[in-house]
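Okay, so here's the structure we're looking at.
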Amino acid sequence: MVTVNVILGSNRQVAIGKRLFKYLENQIAPLVGERDEINFKFITLDQYHLDFFHEDLPPINNPERELAPNEQQWIDDMQAADGYIFITPEYNHSIPAVLKNAIDYLAFEGNRKPTKIISYADSMRAGQFGGEALREVINRLGFITLPMITTVGKVTANFSADGFLLEDAPSGAYYQKKLLETLHEIGFYSRILKDHPYQEFNSKV
C-alpha cells in the first residue's frame, strides 16, 4: 500500500479550504483509497506548531540537523509518504506564508516523489496563481509535480463547512468527478514510482 499526504496549506481558523479538505477526507479518499489501496494521510500545518524557519544552514546542506520534536515530526511525516497533494489558496498571487515556511524546513524528503496541486478560492479563478507559485517552490526541492493543477472555485457555494457537497451545489457533480480523478491520479503515480524508484546513472561501462 502506498501513502499519500494531503496537506492543507492554510491555517486560518475560518479558511474555506477546510471545507474542501474535509470533503476529500470524508467523501473522496475512502472511495479511492479502498479501491486503489492507498492510505491518504490528512495533514494540517497547525498541528506541527512550526516557528518561522531560522536555521543557520539550508536543510539541503545540513545533514546533521538537530530539530525540535515538532519540527522533526513534520520532516518524518513528509519522508514517510510516497506522494503528496498540496491544497493551497492564493494570497496576493502566491501561496500562504505558513505553507512556504513549512516547505522551507524540507530538504530531500519529497525528492523524486509525485505531487499533485489543488488550488482553491471562492471565485471562479480558483486560486490558480497560488497553485502556479507553489509549483515553482516544490520543483526546486525535487518534487515531481504532475502537470495539471486541479482548480476548485466557488468553494462555499459547493461544499458545506462539515465537508459535504451542498444539495444545491452548482458544480457538485463536476467537482466530485474531478476530485475522484485527482486522488486516483496521484495514487497511480505514487505506486509506479515507489515500485520503480529512480536509479542513479552508472557511468562505468
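Atom OG of Ser10 sits about 4.5 Å away from atom OH of Tyr120, to the nearest 0.5 Å. In this structure, CD1 in Ile87 is found 11.0 Å from OG1 in Thr44, a value given to the nearest 0.5 Å. Of the inter-residue distances, the one linking Ile186 atom CD1 with Ile85 atom CD1 reads 6.0 Å to the nearest 0.5 angstrom.
Minimum heavy-atom separation, Gly9 to Pro96: O-CG, 3.3 Å. Nearest heavy-atom pair, Lys116 versus Glu185, reported as atom, atom and distance to 0.1 Å: NZ-OE1, 2.8 Å. Of all heavy-atom pairs between Glu55 and Leu67, the closest is OE2-CD2, 3.4 Å. Taking each heavy atom of Leu166 and Ser160 in turn, the nearest pair found is CD2-CB, 3.7 Å. Residue Glu25 comes nearest to Pro30 through the heavy atom pair O-CD, 3.3 Å, listed as atom of the first residue, atom of the second, then distance. Between Phe201 and Tyr198, the shortest heavy-atom distance links the atoms N-OH, 4.4 Å.
Remark: Glu71 does not engage Arg65 in a salt bridge, criterion side-chain N to carboxylate O under 4.0 Å. Asp104 has a carboxylate O that lies under 4.0 Å from a charged side-chain N of Lys100, or vice versa, which qualifies the two as a salt bridge. A salt bridge is defined here as a Lys NZ or Arg NE, NH1 or NH2 lying under 4.0 Å from an Asp or Glu carboxylate O, and Arg135 with Glu132 meets this definition.
One hydrophobic cluster, built from ILVMFWY side chains closer than 4.5 Å, cannot hold both Leu8 and Phe86; they sit in different ones. Neither Met78 nor Met1 shares a network with the other; the hydrophobic side chains, linked directly or stepwise wherever heavy atoms of I, L, V, M, F, W or Y lie under 4.5 Å apart, form separate groups for each.
At a cut-off of 3.5 Å, with distance as the only test, no side-chain donor of Ser94 or Asn92 sits close to an acceptor on the other residue. Checking Thr150 against Thr182 by side-chain atom types alone, a donor-acceptor pair falls below 3.5 Å. There is a side-chain donor-acceptor pair under 3.5 Å between Asp77 and Tyr48.
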Walk me through it: do Leu20 and Asn158 pass the test side-chain contact (heavy atoms from CB on, under 4.5 Å)? CA-CA 9 Å; Leu20 176 57; Asn158 286 284; over 6 Å; no
Apply side-chain contact (heavy atoms from CB on, under 4.5 Å) to the pair Val32 and Ile38, showing each step before the final yes or no. CA-CA 7 Å; Val32 179; Ile38 304 165; 4.2 Å; yes
Worked check of side-chain contact (heavy atoms from CB on, under 4.5 Å) between Leu134 and Ile103: CA-CA 10 Å; Leu134 176 58; Ile103 293 170; 3.6 Å; yes
Step by step, work out the side-chain contact (heavy atoms from CB on, under 4.5 Å) result for Glu136 and Asn139. CA-CA 5 Å; Glu136 293 186 15; Asn139 281 357; 6.0 Å; no
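The shortest distance between side-chain heavy atoms of Val152 and Ser119 does not fall below 4.5 Å.
Taking the six-membered ring for Trp and the full ring otherwise, the centers of Phe159 and Phe164 sit at least 6.0 Å from each other.
For the side-chain contact (heavy atoms from CB on, under 4.5 Å) with Phe143, the qualifying choice from Val137, Asn111, Leu106 is Leu106, the only one to do so.
Counting non-hydrogen atoms of other residues, nucleotides and ligands closer than 6.0 Å to OH of Tyr189 gives a total of 12 or fewer.
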